[in-house]
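Any value given below was found using the heavy atoms of this structure, including those in side chains, with hydrogens, waters and symmetry copies removed. Numbered from 1 within each chain, the chains take letters A, B, ... in sequence-line order.
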Amino acid sequence: MKPLSKEFYEQKTLVLAESLLGKLLVKETNEGTTAGRIVETEAYRGPMDQAAHSFQNKRTKRTEVMFGPSGYAYTYVMHTHCLFNVVSAEEGFPEAVLVRAVEPYAGRELMFERRGKHHKESNLTSGPGKLTKAMGISMEDYGSSLNSGKLFIADGPKPQAVSTGPRVGIPNSGDAKAYPWRFWERSNRFVSK
DNA sequence: AAGGCGATTTTCT
DNA sequence: GAAAATCGCCTTG
């Protein structure tokens with residue numbers, strides 16, 4: 001498995017969000033390597049998107065990496081979980097794609113150990129907080145390049161039919177909550193909802 | 001299946 | 001100091 005080229009991340013954010021479906025998210029750690037096939041994503045589009053952390057170009061320590069070039073990891077913590085995004089758009093344009101769910105592809109045993117043996121397999125990586133825990137993705141990955149290193153994205157089996165709809169978990173975002181910027185592989189059992 | 005609530009970080013005041 | 005947050009777990013029934 002080798003990382004996708006830099007050019008892959010230069011697609012427009014909505015196109016990138018859909019293109020990421022089927023790709024393999026890979027994380028190498030001392031405990032071993034895990035890989036998940038991406039089956040659900042959401043696009044967040046900077047200044048004009050009320051649901052985005054970078055709405056109105058809000059630039060803080062947390063959102064800083066979104067303003068940089070595409071192809072880097074944007075991780076952040078909410079409640080008790082870490083969530084993983086791919087930075088998109090060119091430098092100065094704070095856009096990103098949230099990875100909401102993956103299908104276990106390699107290192108399944110390690111995922112069970114991290115998440116708890118009692119879980120059903122379909123509950124292992126079927127949510128943005130679950131997949132980061134299963135794969136060992138954390139704030140240490142904030143700002144790292146996805147073209148090299150221990151966290152990267154590689155090519156994988158193309159998705160079957162793709163569905164689109166409103167994003168999840170953004171009730172206080174005005175008109176933006178209705179934008180159909182969520183993409184998932186239809187009838188894949190690892191999709192979060 | 002659905003509803004309530006934990007527990008932590010960031011950002012704003 | 002306080003509120004809100006791109007969530008998940010555990011409890012009910």
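- Counting only residues at least two apart or in different chains, side-chain hydrogen bond (donor to acceptor under 3.5 Å, both in side chains) contacts with residues 136-146 of chain A comprise A:K27-A:D141.
- Looking only at atom types and distance, the side chain of A:S54 has no donor-acceptor partner in the side chain of A:R62 under 3.5 Å away.
- Between the side chains of A:T13 and A:R45, not a single donor N or O lies within less than 3.5 Å of an accepting N or O.
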Problem set entry | Criterion side chain to side chain contact (heavy atoms under 4.5 Å, CB included) on A:V77 and A:M139, from CA distance to verdict | CA-CA 8 Å; A:V77 176; A:M139 287 310 290; 3.6 Å; yes
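- Side-chain atoms of A:E42 and A:Y44 include a donor-acceptor pair closer than 3.5 Å.
- Of all the residues in residues 109-144 of chain A, not one reaches under 4.0 Å from DNA chain B with any non-hydrogen atom.
- A:E28 is linked by a side-chain hydrogen bond (donor to acceptor under 3.5 Å, both in side chains) to nothing, counting only residues two or more places apart in sequence or in another chain.
- Sequence neighbours left out, not one pair with a member in residues 71-86 of chain A passes salt bridge (charged side-chain N to carboxylate O under 4.0 Å, His left out).
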Protein-nucleotides 1-3 of chain B N/O pairs under 3.5 Å:
none

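- Atom CE in A:M78 sits about 14 Å away from atom P in B:dT8, given to the nearest Å.
- Boundaries of the chain A contact region on DNA chain C are C:dA5 to C:dC9, first to last in 5' to 3' order (nucleotide atom under 4.0 Å from a heavy atom).
- Annotation: A:F93, atom CZ; neighbour count of heavy atoms from other residues, nucleotides and ligands within 6.0 Å does not exceed 12.
- No salt bridge links A:E40 with A:K193; every basic N to acidic carboxylate O contact stays at or beyond 4.0 Å.
- Looking at DNA chain C, the stems built from 3 or more consecutive Watson-Crick or G-U wobble pairs, each pair with its key distances under 3.5 Å, are B:1-6 with C:7-12, B:8-12 with C:1-5.
- Residue A:K2 qualifies as open at atom NZ: its count of foreign heavy atoms under 6.0 Å is 12 or below.
- Using a 4.0 Å cut-off on heavy atoms, the residues of residues 47-77 of chain A that approach DNA chain B are A:K58, A:T60, A:R62, A:V77, listed by number.
- For the residue pair A:E95 / A:S88, no side-chain donor-acceptor distance below 3.5 Å is found, with atom types taken as modelled.
- Minimum heavy-atom separation, A:A101 to A:S192: CB-N, 4.2 Å.
- A salt bridge links A:D49 with A:R167; the closest basic N to acidic carboxylate O contact falls under 4.0 Å.
- Using a cutoff of 4.0 Å between basic side-chain nitrogens and carboxylate oxygens, A:R189 and A:E103 are not scored as salt-bridged.
- With sequence neighbours excluded, the residues that form a side-chain hydrogen bond (donor to acceptor under 3.5 Å, both in side chains) with A:E185 are A:R37, A:N188.
- For CZ of A:F152, the number of neighbouring non-hydrogen atoms (other residues, nucleotides, ligands) closer than 6.0 Å is greater than 12.
- Side chains of A:S70 and A:E90: no donor on one and acceptor on the other come within 3.5 Å.
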For this session: Assess whether side chain to side chain contact (heavy atoms under 4.5 Å, CB included) is satisfied between A:T125 and A:M111, documenting all intermediate values.
Result: CA-CA 8 Å; A:T125 54; A:M111 292 186 183; 3.9 Å; yes
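- Within residues 81-94 of chain A, the residues having any heavy atom closer than 4.0 Å to DNA chain C are, in order of number, A:H81, A:L83, A:N85.
- Partners of A:Y9 under the side-chain hydrogen bond (donor to acceptor under 3.5 Å, both in side chains) rule, at least two apart in sequence or in another chain, do not exist in this structure.
- Against DNA chain C, the stretch residues 164-183 of chain A makes heavy-atom approaches under 4.0 Å through A:G169, A:I170, A:N172.
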